Amino acid sequence: MKTLIFIAIAVVMSVSVFGQQTTKPVSEKSLFWFSDDPAVEVVLIDRGAPFNLIVISKKDVKVTYRTEINSTEPVVEDLVPIRSYGARKYFFVRHSFSRRTIWMALDFSAGGKPLPGLTRTFYNGLLELVPNEQFTKTVPQ
């Protein structure tokens with residue numbers, strides 16, 4: 001009987017300790033930026049490749065991913081939402097910062113018109129922004 005009580009106390013204590021342990025955060029880095037006109041909010045979450053992108057807007061916002069492989073082979077891809085809920089659209093951005101692809105840009109447009117205030121160009125990771133024209137030489141259309 002004493003053994004059974006001891007085992008029960010040990011199980012309760014281990015469950016209690018396990019419940020208090022902190023887990024590693026799902027995201028190490030995330031970025032948020034927005035536009036007032038039109039009202040668009042963007043959240044980019046680094047969970048490793050692929051990045052998660054959330055675009056919140058009542059307008060239909062198109063997202064274009066750009067990079068270059070070895071600084072010579074341009075990559076331009078219109079991202080397709082993996083799911084949508086009302087004004088929120090969720091995307092995967094399949095980019096890995098490496099010697100071959102040191103930068104990536106995300107362009108936004110609505111109604112066929114570019115939204116340059118939302119465009120972001122990242123260099124060697126999400127925490128280093130560069131002027132949008134540094135790699136592309138032109139403002140995206």
Side-chain angles (χ1 to χ4, degrees), residues 2-141:
K2 288 182 181 180
T3 305
L4 184 59
I5 293 173
F6 176 74
I7 292 173
I9 291 172
V11 169
V12 169
M13 288 178 64
S14 66
V15 168
S16 175
V17 169
F18 179 75
Q20 294 176 5
Q21 290 178 345
T22 59
T23 58
K24 183 178 177 185
V26 175
S27 171
E28 297 291 329
K29 300 170 223 150
S30 60
L31 303 171
F32 169 81
W33 64 98
F34 66 94
S35 165
D36 285 331
D37 187 29
V40 180
E41 296 180 15
V42 179
V43 180
L44 183 60
I45 304 167
D46 183 357
R47 292 187 176 168
F51 298 105
N52 293 322
L53 176 70
I54 304 167
V55 177
I56 305 166
S57 178
K58 292 181 181 176
K59 292 197 172 214
D60 185 26
V61 176
K62 177 180 162 187
V63 182
T64 304
Y65 157 78
R66 292 181 300 123
T67 191
E68 283 182 343
I69 299 173
N70 292 329
S71 298
T72 59
E73 300 173 45
V75 175
V76 178
E77 177 185 342
D78 290 335
L79 299 181
V80 176
I82 56 169
R83 80 179 57 108
S84 296
Y85 296 108
R88 293 180 311 224
K89 290 184 181 179
Y90 298 86
F91 301 85
F92 282 146
V93 181
R94 289 177 171 78
H95 181 86
S96 178
F97 290 100
S98 67
R99 290 182 182 189
R100 296 181 60 211
T101 57
I102 60 172
W103 67 273
M104 80 165 186
L106 296 172
D107 299 330
F108 299 84
S109 62
K113 295 181 182 180
L115 302 173
L118 289 175
T119 294
R120 295 290 185 272
T121 303
F122 304 92
Y123 177 77
N124 208 26
L126 293 186
L127 297 182
E128 191 164 340
L129 294 173
V130 296
N132 293 329
E133 299 80 24
Q134 181 168 336
F135 292 103
T136 60
K137 308 290 187 257
T138 60
V139 176
Q141 298 298 321

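Owing to the predicted nature of the structure, the values given are computational and were not obtained by experimental measurement.
Annotation: the span from L79 atom CG to K62 atom NZ amounts to 10.0 Å, rounded to 0.5 Å. Rounded to the nearest 0.5 angstrom, T67 OG1 and R94 CZ are separated by 15.5 Å. The structure places NZ of K29 at 7.5 Å from CZ of F51, a figure rounded to the nearest 0.5 Å. Remark: Y65 OH to M104 CE distance equals 7.5 Å, nearest 0.5 Å. Separating the CD1 atom in I54 from the CD atom in E41 is a distance of 10.5 Å, to the nearest 0.5 Å.
At most 12 heavy atoms of other shown residues, nucleotides or ligands fall within 6.0 angstrom of atom OH in Y85.
The shortest heavy-atom contact between H95 and W103 is CE1-O, 3.3 Å. Nearest approach of Y123 to F97, heavy atoms of both residues: C-CE2, 4.4 Å. Annotation for K58 and A87: closest pair N-CB, 4.2 Å, computed over non-hydrogen atoms. A pairwise comparison of heavy atoms in P114 and S109 identifies CA-CB, 3.9 Å as the closest pair. The two residues L31 and L126 have their closest heavy-atom pair at CD1-O, 3.3 Å.
Legend: residues meeting side-chain contact (heavy atoms from CB on, under 4.5 Å) with P81, ordered by chain and number and at least two apart, are S84, K89, F91. For the side chain to side chain donor-acceptor pair (under 3.5 Å) test, no residue two or more places apart in sequence or in another chain qualifies with D36. Evaluation of the side-chain contact (heavy atoms from CB on, under 4.5 Å) rule for T72 yields N70 as partners, not counting sequence neighbours. The side chain to side chain donor-acceptor pair (under 3.5 Å) check on T64 picks up D78, with sequence neighbours excluded. With sequence neighbours left out, the side chain to side chain donor-acceptor pair (under 3.5 Å) criterion links T101 to S98. Residues that satisfy the side chain to side chain donor-acceptor pair (under 3.5 Å) test with R88, not counting sequence neighbours, are Y90.
S35 places a side-chain N or O within donor-acceptor distance of the main-chain N or O of P38, the cut-off being under 3.5 Å. Checking side-chain atoms of R120 against main-chain N and O of G117 turns up a donor-acceptor pair under 3.5 Å.
Tested against V63, the residues V80, L53, D107 include a single side chain to side chain contact (heavy atoms under 4.5 Å, CB included) partner, L53.
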Between N52 and F92, is a side chain to side chain contact (heavy atoms under 4.5 Å, CB included) present by the stated rule, with each step listed?
-> CA-CA 5 Å; N52 293 322; F92 282 146; 3.0 Å; yes
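Between W33 and L44, the closest side-chain pair of non-hydrogen atoms falls below 4.5 Å.
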